[in-house]
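In this text, all values refer to a predicted model and were calculated from it rather than measured experimentally.
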Amino acid sequence: MSFIAVAGATGTLGQLVARELTRRGVSVKALVRPQTDHSRTQSLRDHNVSIVPINFSDVAALTHELTGATCVVSTLQGLRDVIHTVQGNLLDAAVAAKVPRFIPSDFSLDFTKTKVGSNRNLDLRREFHERLDRSGIPCTSILNGGFMDLLGGESPMINHKKGKVFYVGNVTQLLDLTTIPDTAAYTAAVAADPNPAPRFLRIAGDVISVQDIAAAETALQGKEYRPAWMGSVGFLKVLIWGLRMFGGENDIFPAWQGMQYMANMFSGVAKLEPLDNDRYPDLQWTKVPEYLKEDKARREEQQSTGS
């Protein structure tokens with residue numbers, strides 16, 4: 001029986017991809033580390049996902065488990081040891097098992113346009129594509145811009161107490177934002193699609209400026225939210241350089257890493273164009289005002305229950 005393999009399925013994105021695949025009637029095999037706690041896989045089991053504990057350093061074992069797969073989806077997250085070494089082993093096994101398609105763990109801004117050194121995490125993905133090119137396996141990267149979910153909760157971008165939405169550069173710069181669930185649904189559609197897909201697919205649930213985000217919060221919250229300028233993109237780059245001198249290179253997401261994404265987005269250099277949202281007409285896209293409304297309802301429910 002054919003199936004689709006998902007690596008990183010215990011993470012938020014990976015779990016949602018696996019669920020969306022089962023919703024499409026696809027058999028799913030989740031590759032997890034041997035000592036993964038049962039509680040982290042229970043939700044997958046509840047959705048009839050087959051859980052396979054595997055040593056990701058054992059390419060032969062990976063090859064055995066991937067034999068018969070129609071696609072391998074990687075949602076692995078980490079630094080070089082994960083993006084290059086672990087994901088590289090997964091790629092080698094997929095090639096050996098003659099898997100027809102590989103979807104790498106990109107899910108990001110358009111790193112094909114960013115400068116080397118401007119974003120550590122995007123550099124790791126760009127470098128991994130050199131290995132993808134050499135492998136010869138058909139692959140498709142899904143670029144979704146920034147995750148809209150970062151606007152929720154105690155967002156570093158939105159200050160609810162002060163009624164401010166922070167930005168650098170130009171207040172009218174358009175940002176590509178996509179929710180994690182929408183990204184997962186699109187990824188599942190690509191993975192399950194028997195038709196060939198291009199090397200890159202670019203999606204955005206919403207394309208919106210800080211000015212528009214502030215207006216959406218104003219309408220939703222009943223009080224005024226204003227864009228708050230934090231300086232130029234150039235100033236932010238200098239700040240990043242200074243912070244990196246104090247370390248954080250071995251941290252998955254140090255403060256300066258978030259600033260690198262911010263600089264890439266607000267400079268416009270990593271803008272997603274053209275968009276491939278219409279490739280699967282059955283999918284629905286969450287807009288920022290809708291997401292903010294849902295996030296507000298979640299926070300109010302948590303406050304009422306004391307959780």
If we count only N and O atoms by modelled type, under 3.5 Å, do the side chains of [X] and [Y] hold a donor and an acceptor together?
X    : Y    : answer
H129 : R199 : yes
Y280 : D193 : yes
R33  : T10  : no
T22  : N48  : no
R19  : S43  : yes
D106 : S108 : no
N264 : Q260 : no
D251 : Q257 : no
T172 : Q211 : no

Quick one: do [X] and [Y] make a salt bridge, cutoff under 4.0 Å?
X    : Y    : value
K287 : D182 : no
E20  : R23  : yes
R279 : D276 : no

Q: Can you see which heavy atom on R24 is nearest to which on A192, and at what distance?
A: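 What the structure gives for the nearest pair is CD-CB, 4.3 Å.
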Q: Applying side chain to side chain donor-acceptor pair (under 3.5 Å), run through S209 and D212 and close with a yes or a no.
A: CA-CA 5 Å; S209 70; D212 294 330; 3.2 Å; yes
Q: Run the numbers on T218 and R226 for side chain to side chain donor-acceptor pair (under 3.5 Å), then give the verdict.
A: CA-CA 8 Å; T218 297; R226 295 181 178 179; over 6 Å; no
Q: Measure up the F128 and F102 rings against each other and bin them: parallel (under 30°), tilted (30 to 60°), perpendicular (over 60°).
A: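 Correct class here is tilted.
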Q: Enter the distance from T179:OG1 to L151:CG here, rounded to the nearest 0.5 Å.
A: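 Answer for the OG1-CG pair, T179 versus L151, is 11.0 Å.
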